Every structure is written in C-alpha cells, then in structure tokens.
Amino acid sequence: MPVSTVVHFIQESPLTVQADAAKRRIEELLRTDEEQILPRWHAIAKAPVDELQEIYHALLSALREGEDLAEVRGALAELSRTRARQGYTPSDTARAVFGLKEAVYGTVERDGTAEALHGFTWFARLIDDLGLFTFESYATAREKIILDQAEQLLELSTPVVKLWDGIVAVPLVGTLDSARTQVVMEKLLQTLVDTGAEHAVIDITGVPAVDTQVAQHLLKTVVAARLMGAECVISGIRPQIAYTIVTLGIEFGDIVTKASLADALAYMLRRRGIEISQAGQIGQIGQTRVAVRAEDR
C-alpha cells in the first residue's frame, strides 16, 4: 500500500469511526426513549401526536437505512400543506420541526456519553436542514393557496348576467389585466354558447381608468365575441375615460360605445326590433310601453 494511502487512512479512519458511533448512539436513544421524547416534542410543537409520530418513525427508519430522508420529507411536506390550510404561520410550522432538537437534548444530556453529545451536534444540523425544507414547503403550499383564492375571487368578480332574451352583459369592476381578460373571454364565450345570445354588453363603469393596455384587452374580448357571432357594445364611457381615450389616441374602430349600461341595453333592444318609450306618468310612477316592431332581416 502506498505511503500516502496509509497516512490518509490513519488520519481519517478514527474520525469516521467516531462519527459513525455518534450517529448510532443517537439512533439508539431515539428508539429506546421514544416514549419520553414524543410527549416533550408534542408539548413544544403543539401539533397532533399522530403527525409527529409519523415523522418520528420515518426519521428512525431513515437513520437505520442510511439517511434516506425521502419519506421524512414527504411527511414534512404534508404537515406544511396542512398547516398552511389551517392558517398557521411559517415560523410556527418550522418551529414544530426545530422543537425535536430540544426534545431530544434532554435525553442526550441525561445519557451524558461523549458519543451522544457528539452525535447531537450532527443530529441538530440534520433537523435544521429538515426545518428549512419544512419552511420552503410551507411557503410553496401557501403560495398555491393564495393563487387558488385569487382565481376564485377573479371568477366571482367577473359575472356574466342575462339582461334580456338574447342579450348578456359583463359588468367589470376593478383593474382589467391580462389574467382577468382571459377569464372575461372564457366566461363570456361560454355564456354565448350556453344561451345562444347574439348581443353582449361589456360595461366598464366600475373600471377606474382606461389606458392603452386596458383598451387592448377590451378589443380582444370584443373580437373573441364577434368570432362567436355576437355583436358587442362597450358601455360606461364616462367623460374622464372619454378624454383619456382621445388623449391616448385609442381607436375602437366600428365598436359601438355608450355612456351607460341603460343606453347600451336600449341600443341592443332596438337592434332586436324592440322599442321602449315613455307613455306618460301617473303620480310619481311612469308608465313604460314596450312596442315590438317587425324589421326586415
């Protein structure tokens, strides 16, 4: 055997043997003192005992099988998702994992052997890594929950309502961005298919401002509806919005625009051959006459 190999073996072998002995001692303590460690961990983590027990046994199995932590990470990921749905903070979730160090340290201190103390240093680093993994898993799960809730709110904030037979409306409130435009398109087109409506009103009374990007989103929605055979009117063009549109040089082309939803509905009714006129008043209540006229089609 070459001299360099002998020197390397002499230098490294004692440390390796000591580290292995320390790890084995920690594993033994975790196995033999489970009944004392688990209650202490439960008191610190404030998590269901069955969840902690599952993680604990997965960790013991990983230590016996050469530190394959896949099962442990899976259990921690599930714990993170559960706590994210229940509204726990990320700190509380990660602290539940870090609490295992404190629970185990009492057993190590009582044992008092050099192997146990040395092994606890290695065990603490292992738990730190698992705690960071838990924090990241929580953040990922929480982000997904927030995205799902945002999509649900987007669905709720973009209703498509029936105004008249063959006429539907999309009242928009808030900012119109690319994601919301996609939802508006999908809901409007699906409603056109379901109802067979030939006329649609896109009401922007609740949109605070119209810029070039918002105008482009509106035009895309109108074009999509036209491809489905529906005529679109944009209503809710307030004086401020009209001024902004002119200032920016935005062109709506042949798209009909109206100041209010009522004006748009009246226009659509006329397009369908229905006229609404004020016939007179009785006291404070006006009588409305609906006259249907035949049109050449």
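Remember, predicted model here, so these are calculated numbers, not experimental data.
The neighbour count for Phe98 CZ, taken as heavy atoms of other residues, nucleotides or ligands under 6.0 Å away, is above 12. Within a 6.0 Å sphere centred on CD of Gln53, heavy atoms belonging to other residues, nucleotides or ligands number more than 12. Crowding of Tyr267 atom OH: a count of heavy atoms from other residues, nucleotides or ligands under 6.0 Å exceeding 12. Heavy atoms from other residues, nucleotides or ligands lying under 6.0 Å from CD of Glu251 number 12 at most.
The side-chain heavy atoms of Asp33 and Glu28, taken from C-beta on, include no pair separated by under 4.5 Å. Under the 4.5 Å side-chain criterion, counting only non-hydrogen atoms from C-beta, Arg81 is not in contact with Lys144. Within the 4.5 Å cutoff, the side chain of Phe123 has no heavy atoms near those of the Asp128 side chain. Put simply, the side chain of Leu29 reaches to within 4.5 Å of the side chain of Asp111, judged on heavy atoms. Between Leu218 and Leu172 there is a side-chain heavy-atom pair separated by less than 4.5 Å. By the 4.5 Å heavy-atom criterion applied to side chains, Val168 and His199 are not counted as neighbours. Residues Lys162 and Ile167 have side chains not in contact (no heavy-atom distance under 4.5 Å, counting atoms from C-beta outward). A heavy-atom distance below 4.5 Å is not found between the side chains of Thr113 and Leu117.
By the rule that hydrophobic residues join a cluster once side-chain heavy atoms approach within less than 4.5 Å of another member, Leu69 and Leu63 end up as members of one cluster. Under the 4.5 Å side-chain contact rule for hydrophobic residues, Ile127 and Trp122 share a cluster. At a threshold of 4.5 Å between side-chain heavy atoms, the hydrophobic network of Ile, Leu, Val, Met, Phe, Trp and Tyr places Tyr138 and Phe133 in two separate groups. A continuous path of Ile, Leu, Val, Met, Phe, Trp and Tyr side chains, each step under 4.5 Å between heavy atoms, connects Val170 with Leu192, placing both in one hydrophobic cluster. Note on Met185: it does not cluster hydrophobically with Ile234, by side-chain heavy-atom contacts below 4.5 Å among ILVMFWY residues.
The shortest non-hydrogen separation linking Pro159 to Pro171 is O-CD, 3.4 Å. Taking all atoms of both residues into account, the shortest heavy-atom contact from Glu34 to Tyr56 is CG-CE2, 3.6 Å. Summarising the geometry of Ala103 relative to Ile37, their closest heavy-atom pair is CB-O, 3.9 Å, with the distance given to 0.1 Å. For the residue pair Ile26 and Ala116, the shortest heavy atom distance occurs at CD1-O, 3.7 Å. Between Ile237 and Thr257, the shortest heavy-atom contact is CG1-CB, 3.9 Å. Shown here for Ala169 and Leu163, the closest heavy-atom pair between the two residues is CB-CD1, 3.4 Å.
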Legend entry - Chi angles and distances behind the side-chain contact (heavy atoms from CB on, under 4.5 Å) call for Ile274, Arg270: CA-CA 5 Å; Ile274 302 172; Arg270 288 195 298 269; over 6 Å; no

Inset, instruction - Step by step, work out the side-chain contact (heavy atoms from CB on, under 4.5 Å) result for Glu198 and Arg272. - result: CA-CA 9 Å; Glu198 299 176 353; Arg272 294 185 63 82; 4.0 Å; yes

Legend entry - Evaluation steps, salt bridge (Lys or Arg N to Asp or Glu O under 4.0 Å), between Arg25 and Asp20: CA-CA 9 Å; Arg25 185 55 185 161; Asp20 290 341; over 6 Å; no

Inset, instruction - Just do the side-chain contact (heavy atoms from CB on, under 4.5 Å) check on Val256 and Lys258 with the steps written out, would you? - result: CA-CA 7 Å; Val256 178; Lys258 295 293 180 181; 3.9 Å; yes

Legend entry - Full working for side-chain contact (heavy atoms from CB on, under 4.5 Å) between Leu79 and Glu54: CA-CA 10 Å; Leu79 175 68; Glu54 180 184 357; over 6 Å; no

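Atom OG of Ser235 and atom CG of Asp263 lie 8.5 Å apart (nearest 0.5 Å). The CD1 atom of Ile55 lies 11.0 Å from the CD atom of Glu71; values are rounded to the nearest 0.5 Å. Once rounded to the nearest 0.5 Å, the distance linking OG1 of Thr89 with CZ of Arg142 reads 10.5 Å. One distance of note links CD1 of Ile255 with CG of Leu219; it measures 4.5 Å at 0.5 Å rounding. Atom CG of Leu248 sits about 12.5 Å away from atom CD of Gln213, to the nearest 0.5 Å. One distance of note links CD of Glu136 with CG of Leu76; it measures 12.0 Å at 0.5 Å rounding.
Thr107 and Arg40 share a donor-acceptor pair across their side chains, judged by distance under 3.5 Å alone.
Put simply, the side chain of Arg238 gets close to the backbone of Thr205: a donor and an acceptor are under 3.5 Å apart. Between the side chain of Arg24 and the main chain of Glu115, no donor-acceptor pair closer than 3.5 Å is present. The backbone N or O of Leu130 sits less than 3.5 Å from a side-chain atom of Thr134, completing a donor-acceptor pair. Checked by atom type and distance alone, the side chain of Trp41 pairs as donor or acceptor with a backbone atom of Ala96 at under 3.5 Å.
The pair Glu27-Lys23 does not meet the salt-bridge criterion, since no charged nitrogen lies less than 4.0 angstrom from a carboxylate oxygen. Salt-bridge annotation for Arg271 and Glu231: present, with a side-chain N of the basic residue lying under 4.0 Å from a carboxylate O of the acidic one. Asp194 and Lys187 are not joined by a salt bridge, as no carboxylate oxygen comes within less than 4.0 angstrom of a charged side-chain nitrogen.
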